[in-house]
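One is the number of the first residue; the rest follow in order along the sequence. These numbers come from the heavy atoms of this one structure, side chains and all, not from hydrogens, waters or symmetry mates. Both ligands and their constituent atoms are indexed starting at 1 by order of listing.
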Amino acid sequence: MVKLGVNIDHIATIRNARGGIEPNPIVAAGICEIAGCDSITVHLREDRRHIKDEDVRTLRKTLTTRMNLEMAATEEILGIALDVKPHSCCLVPERRQELTTEGGLDVAGNLPYLKDYIAKLNDGGIIVSLFIAPDEKQVNAASKAGAQYIELHTGQYANDFNTPNEDLAFNNLKQAYLQAKELGLQVNAGHGINYHNVTKLLAIKEFDELNIGHSIISKAVFTGLENAVREMKELIS
Ligand code: PXP
């Protein structure tokens, strides 16, 4: 069965808007777990715009599922990851000006650096995933880099959903998925997945996990977080 990872960064974004403690990401994670999610993702960005170091450290102690730490492949965050020891790290590109993670990681263009970086995380007992575009060159490079997982960037598919380009974007994901499986990689997917476009993605049956943030937290504003997570969990199972 395809698993559901919930990204709770937006809870921290709302909290930080007032600089206080509400809404509390630790509580949010607990509610997502009660609702049946399989893991919690937090992105510790270089600029700490939402999730803070303390959130990561507390969550590591309180989560009853798995922690997936999204991060840029920098020396600073490597030190934190090796100290906190999340179950997995997902390496993503990061630009300060972006609203969210906008593209996939260029693994092919940074292979020696990433290979070494991944080895350090693996030596610390942490599984590594690379967030990449559904692109043949990048999938090959992810395998060469020694990652255990890739997370396919579904942003293009989400943007093209319900347009004439939908099938092309979907087929690109499917191709990349098949190639990755052939290379022995586990495959997750994420970015822009919502209650409408998720069903078609499930035609790719062996995605290990879908990582979803924005649509779940948005729905939670109206229906409550527990209901929003349950509804997505039901859709994907
Ligand atoms: N996966 C990765 C690697 C991401 O960077 C993000 C966005 O933070 C997500 C999944 C979740 O995307 P969304 O918030 O659009 O569901």
_Gly192 heavy atom under 4.0 Å from ligand 1_ = yes
*Non-hydrogen atoms of Glu70 versus ligand 1: any pair closer than 4.0 Å?*
yes
*Ignoring hydrogens and angles, tell me if any N or O in the side chain of Glu94 forms a donor-acceptor pair with the backbone of Met71 under 3.5 Å.*
no
_Heavy-atom nearest option to atom 9 (C) of ligand 1, drawn from Met71, His191, His10_ =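 The residue whose heavy atom sits nearest atom 9 (C) of ligand 1 is His191.
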*Does the salt bridge (Lys or Arg N to Asp or Glu O under 4.0 Å) test come out yes or no for Glu234 and Arg230, once each step is laid out?*
CA-CA 6 Å; Glu234 275 166 26; Arg230 273 192 209 287; over 6 Å; no
*Judging by distance only, is a nitrogen or oxygen of Asp9 under 3.5 angstrom from one on ligand 1?*
no
For [X], take its heavy atoms, then give the atoms of ligand 1 lying under 4.0 Å from any of them.
| X | answer |
| --- | --- |
| His214 | 13 (P), 14 (O), 16 (O) |
| Asn7 | 8 (O) |
| Phe131 | 2 (C), 3 (C) |
| Gly213 | 11 (C), 13 (P), 14 (O), 16 (O) |
| Val92 | 3 (C) |
| Ile212 | 16 (O) |

*Ring centroid separation His50 to His10 under 6.0 Å*: no
*asked:* For Phe161 together with His196, are the ring centres under 6.0 Å from each other?
replied: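 Ring centres of Phe161 and His196 not closer than 6.0 Å.
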*Specify whether Phe170 and Tyr157 have parallel, tilted or perpendicular ring planes, treating 30° as the upper limit for parallel and 60° as the lower limit for perpendicular.*
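Rings of Phe170 and Tyr157: tilted, as their planes differ by 30° to 60°.
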*Where do Ile150 and Ala142 come nearest, in terms of heavy atoms and distance?*
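Nearest pair, atom of Ile150 first, then Ala142: CG2-CB, 3.5 Å.
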*Look at Glu54 together with Arg48 and state whether they make a salt bridge at an N to O cut-off of under 4.0 Å.*
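No, no charged N to carboxylate O under 4.0 Å.
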*asked:* Looking only at the side chains, is there a donor atom on one of Asn7 and Thr41 sitting less than 3.5 Å from an acceptor on the other?
replied: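 Side chains of Asn7 and Thr41: no pair found under 3.5 Å.
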*Residue part near ligand 1, for Glu151, under 4.0 Å between non-hydrogen atoms*: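 It is the side chain that gets close, since no backbone atom is under 4.0 Å.
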